[in-house]
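Hydrogens, waters and symmetry mates play no part in the numbers below; they use all other heavy atoms, side chains included. Remember, it's 1-based here, ligands and their atoms both numbered in the order they're listed.
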Amino acid sequence: MSKTKQQKDLPGGIITDIGSTARNKTGSWRTFKPVVNLEKCAGCGICEKFCPEGCITIQKVEGYDKPKCAINYDYCKGCLICMEECPFKAINSVVEEK
Ligand code: SF4
Ligand code: SF4
């Protein structure tokens, strides 16, 4: 099968701008926003392991002795996998305000 002009001009599978992911802040894609209830969060790190965007860290939070879940909303796409997987029901969702 012959290629269209567009296919010839724009071949697929080529990364032209290596290392650009960090610049592409995907948080604006969200419809729902996960919100952590720090009182319930046990800092177990399960959400961090499941987040497909790698935008959760478990870190020290002022006012708490144990580390807690922190979401980087610049990259969170709102898939809510973290909410589904949290065994302590410490993550809720709200509609994202645009
Ligand atoms: S899975 Fe739940 S309890 Fe565990 S760190 Fe994440 S939000 Fe906190
Ligand atoms: S909603 Fe999805 S992308 Fe956002 S922190 Fe949770 S698992 Fe990660």
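Heavy atoms of P52 approach ligand 2 to within less than 4.0 angstrom.
Close contacts between ligand 2 and E53 involve ligand atoms 3 (S) [criterion: under 4.0 Å to a heavy atom]. Within ligand 2, counting atoms from 1 as listed, the ones closer than 4.0 Å to a heavy atom of P34 are 1 (S). Here is the list of ligand 1 atoms found below 4.0 Å of a heavy atom in G45: 4 (Fe), 5 (S). Set against the non-hydrogen atoms of G78, the atoms of ligand 2 under 4.0 Å away are 1 (S), 4 (Fe). Within ligand 1, counting atoms from 1 as listed, the ones closer than 4.0 Å to a heavy atom of I58 are 5 (S). Interface of G43 with ligand 1, defined as ligand atoms under 4.0 Å from a residue heavy atom, comprises 5 (S), 8 (Fe).
Protein atoms that are N, O or S and lie under 2.8 Å from atom 2 (Fe) of ligand 1 are these: C86 SG.
Remark: the backbone N or O of C55 is not paired with any side-chain donor or acceptor of Y73 at under 3.5 angstrom.
When hydrogens are left out, the protein atom nearest atom 8 (Fe) of ligand 2 is C51 SG, 2.3 Å; that is the closest non-hydrogen contact. The protein non-hydrogen atom at the shortest distance from atom 2 (Fe) of ligand 2 is C79 SG, 2.3 Å. Nearest non-hydrogen protein atom to atom 1 (S) of ligand 2 is L80 N, 3.1 Å. At the top of the distance list for atom 4 (Fe) of ligand 2, counting protein heavy atoms only, stands C76 SG, 2.3 Å.
Contact annotation for K77 and ligand 2: only backbone heavy atoms (N, CA, C, O) come within less than 4.0 Å of the ligand. Within the 4.0 Å heavy-atom criterion, neither part of I56 lies near ligand 1.
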Note to self: Test side-chain contact (heavy atoms from CB on, under 4.5 Å) on V35 and S93; report intermediate values, then the result.
What the structure shows: CA-CA 6 Å; V35 179; S93 70; over 6 Å; no
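Considering only residues two or more places apart in sequence or on other chains, N37 meets the side chain to side chain contact (heavy atoms under 4.5 Å, CB included) condition with E39, K40.
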